[in-house]
Protein chains: 2
Amino acid sequence: MPETPIEAIERKLLERIDILASISSDFDGITRIFLSKEMDTAAKLIKLWMNNAGLVANVDPLQNVIGSWPSENAKAPAIHLGSHYDTVINAGRFDGILGLLLSIAAIEVLQTEGYTPKHYINVLGFCDEEGVRYHTTFLGSSFLCGTFDLEALDKVDEQGISMREALKARGYDAEKIEATKPIILPGDLFIEAHIEQGPALEALDLPLAVVSGIAAQTRLEVKVTGKAGHAGTTPPKLRQDALTAAAEMILEVEKTLKSEESLRATVGHIKISPNASNAIPGQAVFSIDLRYPNYDGLQTTKASLMKALKAIANQREVGIVIDCVQETGSSECDPFIQETMCHSLSKFQEGAPTLLSGAGHDTLKIAQTCHTGMMFIRCRDGLSHHPDEYTSPQDIRAALKAWVEIIRSLDQELDS
Amino acid sequence: MPETPIEAIERKLLERIDILASISSDFDGITRIFLSKEMDTAAKLIKLWMNNAGLVANVDPLQNVIGSWPSENAKAPAIHLGSHYDTVINAGRFDGILGLLLSIAAIEVLQTEGYTPKHYINVLGFCDEEGVRYHTTFLGSSFLCGTFDLEALDKVDEQGISMREALKARGYDAEKIEATKPIILPGDLFIEAHIEQGPALEALDLPLAVVSGIAAQTRLEVKVTGKAGHAGTTPPKLRQDALTAAAEMILEVEKTLKSEESLRATVGHIKISPNASNAIPGQAVFSIDLRYPNYDGLQTTKASLMKALKAIANQREVGIVIDCVQETGSSECDPFIQETMCHSLSKFQEGAPTLLSGAGHDTLKIAQTCHTGMMFIRCRDGLSHHPDEYTSPQDIRAALKAWVEIIRSLDQELDS
């Protein structure tokens, strides 16, 4: 039996995920960092695929890829679809890229069906969501919202290369950054499809969910100061070991993690000094990543955890300084978009669960500018930011059907 | 009252400790690493001071400094005195250097007194005991014993510079390494004075002790393998966090440390990956430094600790691999030297305690070649490998008196 046009679009979507997974600075893994050669290649492919889908595509001065549906009678507000095409180091193949390629494929389905949109429709591929290179997340989406902080251009990466220089090295003109007008405007709609990066959909045995909002998040830096000393001689009572103190604190963070189901608490980074096998560690610095559905609950958890860590430091007679290095409030998705998404999903699966996102997304940033919504797609074992990240072809096909329906419904029901 | 000749030697000894503490690659701290510019300067000063003390001094092909007492009627076996003049990173001012400068001062006292030695006497300044640059300890003393491993010449430091290249860069000829004959021969005596790096002498309220031997030591590398994942989403039951597992193991090592007074157990080095604040650590690698007075006791401790760590890994469902990367048996000091030292010390303080050394020393390496002995000098709080390392001028003067007496007694009583 010959392939139908929709089957061909589904096949191309799956093929494109594999193609982009090959565009990596690591031979074995998947790594695409902001303003790398691999991002050039990926941007060109995404532009090509947008063209194939019938979009007018171009790459903006920060390397976002923008595809617009050419339509004479379309009107504001615009509906934007998209996600990011950069990755963490040694990433999976679905985080970000699936939402972008799904949006391109959905447009191709709608064009194939002869659909004429009532509103402007843009597909957006964000150039930096992960913030690996300059430790600043959501660069791409903030630029498209007109909320990009120009001071970020002077940030330097670990090789000492400023963003300005990195842009120039890739052939971009940093001067254009300031002059560029935003594409995402107040009153617009932005919707993002993304893998869940959590296990709820697997537990519910459903491929798709509507996101109700994004959890509040805080990042602490804990500096524990003990006293370095000789490992071979210093007896227990004379030790002020910063690492054993940190170890007890790390287990306290784990206790916090296990204290409530909707809480996430992680120590992901640690650095000790002198960090020599024959020296008692004199200092340990580690991060704590805390997430909770609402801001007030996060503050309560943070306060009680900090108290517990200080008690450990006190009991062990080591110094402790805790800095809050980043904090974002929770963000709610637009009720109209949520409702439309729920209705659309219900046509393809039994029920449309709503989930809170523990991870940050471009949607979080864009919600400061316009109405936003998100759809989650089931992934295996809730695993993400890892080469074993996996979403099945069946679930991707289900996501495509739902995403087409959501775009069409939003376009039809907006202003009505 | 004018300064006596002995008082002048004591004063110069204290001044020289301060001078060498200024010869550092760090502006604030004390750091002298094998084959650095600072080691050149230090070698020149040590050679100068040896000359001032009446020794014929030269620098050997590996940058050991050797001072020989010119004496027509002296005979074998030789008596060697010395210690190392390299340091750890951000070190104290006494570790190694005190023993070397004390030996130079003791010779100056003996020469001032008109003493004529019966045996060859050499003062040896070892160029690398700490092993910071090439992660191989006792380079200097093994070279003087003729047990230097020539393959070490091809080791590279963290900048990728081989020892052969580093020698060349400092003006040394690596070809001479092979052709050089050992100075320390079987049947010779080697004695080393060193700060205790522990708290026993403080507790005994005595400045000096005789070392009975050096503890057995093992260094383990523990690799814990969990699963990296997204910090914001992965729920507790899906986590295989390598760092929380490592934290529990580090506290187990601390429990071992506290289980017996003569045991030392330290985690001094840790490295995790991905080591990003928003990622659950997938891997943690850490060191364990274990020391115990005797080899068998060390093995028992090691076995039960390894069993406990594996149980933790098992319970947390993470992988664990434990490698033994270094192991040295305990070493006993020569009974005749110990007895002579005890007798000498008793002349200057109430009793001559014998202590076991938890730290490794050149003496440990040299004991494989000839008869060895060590004297410990009290230091504050048992603290070493730290800028706050401290030994009082009074204790240094006491050490000088005893060291002169020990050298004279050994020279007189040997062969009698």
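Throughout, a chain's letter reflects where its sequence line sits, starting with A, and its residues are numbered from 1.
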With a 4.5 Å heavy-atom cut-off (strictly below), which parts of residues 240-250 of chain A touch chain B? List them by number. Leu243(A), Thr244(A), Ala247(A), Glu248(A), Ile250(A)
Donor-acceptor pair between Tyr292(A) and Gln217(A) side chains, under 3.5 angstrom: no
Tell me the residues of residues 221-230 of chain B whose non-hydrogen atoms fall below 4.5 Å from those of chain A, in number order. Lys227(B), Ala228(B), Gly229(B), His230(B)
Against chain A, label Ala215(B) side chain, backbone, both or neither, depending on which of its atoms sit under 4.5 Å from a heavy atom there. neither
Proximal component of Leu383(B), with respect to chain A [non-hydrogen, under 4.5 Å]: side chain
What part of Thr266(B) gets closer than 4.5 Å to chain A, counting heavy atoms only: side chain, backbone, both or neither? both
Contact class of Asn90(B) relative to chain A, heavy atoms under 4.5 angstrom: neither
In terms of heavy-atom pairs under 4.5 Å with chain A, the winner among Arg219(B), Glu254(B), His386(B) is Glu254(B)
Non-neighbouring partners of Asp28(B) that pass salt bridge (charged side-chain N to carboxylate O under 4.0 Å, His left out), sequence neighbours left out: none
Let's test your reading of the structure: which of Asp95(A), Leu290(A), Ile89(A), Asp381(A) forms the most heavy-atom pairs below 4.5 Å with chain B? Asp381(A)
Among Gly382(A), Pro199(A), Pro387(A), Pro274(A), which residue has the highest count of heavy-atom pairs closer than 4.5 Å to chain B? Pro199(A)
Is there any residue in residues 276-285 of chain B with a non-hydrogen atom under 4.5 Å from a non-hydrogen atom of chain A, and which ones are they? Ala276(B), Ser277(B), Asn278(B), Ala279(B), Ile280(B), Pro281(B)
